[in-house]
Amino acid sequence: MSRKTGSGRRFMIAKNLIMMLATLAAILVAIFAWFGSNNEAKASGISMKTKTPDKIELAVPDKVEVDGKIVDSFPLDNLKWKTSLDFSLSGYLKNMVKDVTSDGKQFAVPNFAAANNLAEGRRVIADDVWVDGLSSKEALTNDKPNDDDQYHYVSLDFYVRSLQPNPVRITEDSYLAAGSEIGIKDDLTDGGKDSARLLKGSNVYRPSSYGASKSDDSFSADAIIGAMRVSLVGAQVDSVQTTSHDTIDSVTQEQVTRDVTTETAYNGGTWAKKAALKLLWLPRPDIYLQTDNNQDQWKLYTDIKPNSELASKTYIHSFYLGQTQPDGTASVKKGLTYTQYSDANVKTIDGTADHDGVYKVSKIDINDKELGKTKGYYPTFGQQQEIASGSTPSQITFVESATNPTTTGYYVYKFTLNLWIEGEDAEARRSMNTGIFNLMLGFEA
């Protein structure tokens with residue numbers, strides 16, 4: 001899947017990042033995970049929508065080429081703001097996801113010891129060196145064309161704006177679903193959906209090469225969703241500044257002047273310094289892969305509830321946090337701290353921190369007897385999470401045309417959506433190659 005992408009092609013891809021909800025497109029994501037095998041999964045879509053379109057709207061950064069490099073420009077044009085976004089057609093996800101572990105904001109790539117056995121897989125060497133994970137955003141915009149398919153996690157920027165300082169929340173109907181659960185049959189190029197199927201049993205889509213084949217104990221590679229994590233990092237935008245740059249148009253090759261509008265202040269500082277973790281989400285705690293030294297004995301559980309014996313394994317987010325060097329300037333990073341988070345709403349899990357209410361697990365109704373046993377069923381977020389609340393109007397002017405300025409004083413927030421496969425999770429295994437998934441986030445004010 002290695003490919004070279006020039007700045008012109010990157011620019012054309014990036015210009016078309018805003019998409020209304022549309023037919024799902026194939027997105028290739030290769031998964032190495034802790035087992036280190038060259039696998040791939042497919043995302044049938046990553047989308048967002050507002051449940052209160054009269055109150056809030058969404059947008060992604062304008063992509064502008066300046067001096068041969070793609071940079072983000074703030075979307076001042078009212079026509080750039082939508083009630084829904086679909087990232088599946090952006091071109092930003094047709095690459096690879098590799099070994100990574102994260103608290104939702106820091107992404108670390110550890111060093112590993114050789115696998116002791118098939119059941120345990122590779123072991124992280126906690127006192128060894130580690131490196132920062134490479135995001136899709138950086139890989140696809142830097143000056144290194146050969147790393148375009150080498151990123152460790154998907155990272156997408158977007159904005160939310162509101163005329164009122166009402167809190168912005170993630171909605172209860174947000175979900176991460178397996179392709180099987182929404183009826184995606186074989187691949188995403190065969191014309192669409194079929195009937196939904198379960199993740200385990202004798203008649204699954206995309207059966208794993210592990211586990212008992214052709215029996216009730218076989219399982220689908222779509223169960224990779226059990227190892228997936230979602231985070232939102234964000235802050236309020238207070239002001240913007242427009243500057244002009246002379247550059248060469250990537251299509252016409254003529255010199256043009258482009259206006260680049262950048263965010264200059266976020267609550268008195270840069271966004272990177274002020275942005276905070278707003279949500280760390282484990283979408284599918286109902287799934288657990290039990291491994292064995294005999295790959296034919298691997299077994300998938302799909303009906304795990306908060307009061308289950310397996311809840312202590314599946315409702316916990318386990319990860320490694322990279323330690324910083326004492327002087328803060330060392331080029332070599334060394335030392336990882338093993339950490340666990342639990343959701344305070346899951347009362348059966350004890351002994352771990354809930355990270356100030358930022359860490360959330362999809363709510364699973366313990367009275368739902370059909371969990372994981374009904375075709376077409378998949379859990380939703382099942383709760384609300386506040387991710388923003390306006391403090392002062394941003395005083396940003398949005399326009400429909402150069403001669404028609406409109407309302408000022410929008411409350412504007414910028415977020416980064418991170419999506420990764422947590423290597424510490426049991427489902428981050430090579431048995432999950434060719435899995436398909438779909439992520440949808442809802443917003444309301």
Tell me whether [X] contacts the main-chain N or O of [Y] through its side chain, where contact means a donor paired with an acceptor under 3.5 Å.
{"X": "D343", "Y": "V361", "value": "yes"}
{"X": "H317", "Y": "S102", "value": "yes"}
{"X": "S231", "Y": "G104", "value": "yes"}
{"X": "K82", "Y": "L79", "value": "yes"}
{"X": "W130", "Y": "G335", "value": "yes"}
{"X": "K105", "Y": "A275", "value": "yes"}
{"X": "E120", "Y": "D292", "value": "no"}
{"X": "E422", "Y": "A227", "value": "no"}
{"X": "S135", "Y": "E138", "value": "yes"}
{"X": "D103", "Y": "Q106", "value": "yes"}

Side chain to side chain donor-acceptor pair (under 3.5 Å) between Y315 and S342, intermediate numbers included: CA-CA 7 Å; Y315 284 74; S342 69; over 6 Å; no

How far apart are the C-alpha atoms of S73 and D62, what are their side-chain angles, what is the distance that settles it, and do they pass the side chain to side chain donor-acceptor pair (under 3.5 Å) test? CA-CA 5 Å; S73 181; D62 284 342; 4.9 Å; no

Given the rule in the salt bridge (charged side-chain N to carboxylate O under 4.0 Å, His left out) test, do R229 and E424 qualify, once you have shown the distances and angles that lead to the verdict? CA-CA 11 Å; R229 304 288 188 270; E424 275 298 295; over 6 Å; no

For [X], enumerate each residue passing the salt bridge (charged side-chain N to carboxylate O under 4.0 Å, His left out) test, keeping only those at least two apart in sequence or located in another chain.
{"X": "E172", "value": "none"}
{"X": "D132", "value": "K333"}
{"X": "D173", "value": "K51"}

Verdict with reasoning, K137 to D157, per salt bridge (charged side-chain N to carboxylate O under 4.0 Å, His left out): CA-CA 8 Å; K137 179 169 56 178; D157 289 342; 3.0 Å; yes

Who passes side chain to side chain contact (heavy atoms under 4.5 Å, CB included) against [X], sequence neighbours left out?
{"X": "R197", "result": "N203, Y205"}
{"X": "T314", "result": "Y288, I304"}
{"X": "T50", "result": "P53, I56, L58, T83"}

Rounded to the nearest 0.5 Å, what separates atom [atom1] in [X] from atom [atom2] in [Y]?
{"X": "W298", "Y": "D217", "atom1": "CH2", "atom2": "CG", "value": "14.5 Å"}
{"X": "L300", "Y": "L198", "atom1": "CG", "atom2": "CG", "value": "11.0 Å"}
{"X": "L336", "Y": "Q323", "atom1": "CG", "atom2": "CD", "value": "7.0 Å"}
{"X": "R206", "Y": "S180", "atom1": "CZ", "atom2": "OG", "value": "4.5 Å"}
{"X": "K360", "Y": "S174", "atom1": "NZ", "atom2": "OG", "value": "13.5 Å"}

For the residue pair [X] and [Y], does the interplanar ring angle fall in the parallel (under 30°), tilted (30 to 60°) or perpendicular (over 60°) class?
{"X": "Y413", "Y": "F415", "answer": "tilted"}
{"X": "F107", "Y": "Y153", "answer": "parallel"}
{"X": "F74", "Y": "F398", "answer": "tilted"}

So, is the end of the R161 side chain (NZ or CZ) under 6.0 Å from the ring centre of Y411 and within 45° of the ring's axis? no

Ring centroid separation Y210 to F219 under 6.0 Å: no

Between Y175 and F381, ring centroids under 6.0 Å: no

Check step by step if side chain to side chain contact (heavy atoms under 4.5 Å, CB included) holds for D72 and K63. CA-CA 5 Å; D72 285 349; K63 299 294 181 179; 2.5 Å; yes

Applying side-chain contact (heavy atoms from CB on, under 4.5 Å) between V109 and each of L134, V131, T101, V129, report the one that passes. V131

Of N418, I170, L280, which meets side-chain contact (heavy atoms from CB on, under 4.5 Å) against L232? I170

Evaluate the criterion side chain to side chain contact (heavy atoms under 4.5 Å, CB included) for residue pair T302 and Y377; output intermediate values, then yes/no. CA-CA 11 Å; T302 59; Y377 170 85; over 6 Å; no

[Y] versus [X], side-chain donor and acceptor atoms under 3.5 Å:
{"X": "T337", "Y": "Y320", "value": "no"}
{"X": "Q384", "Y": "E444", "value": "yes"}
{"X": "N111", "Y": "R122", "value": "no"}

Working for side chain to side chain contact (heavy atoms under 4.5 Å, CB included), residues S162 and Y410: CA-CA 6 Å; S162 172; Y410 275 92; 5.9 Å; no

Hey, are E181 and R284 close enough for a salt bridge, meaning a charged N less than 4.0 Å from a carboxylate O? yes

Taking all non-hydrogen atoms of both residues into account, name the closest pair between I364 and P285 and its distance. CG1-CG, 4.1 Å

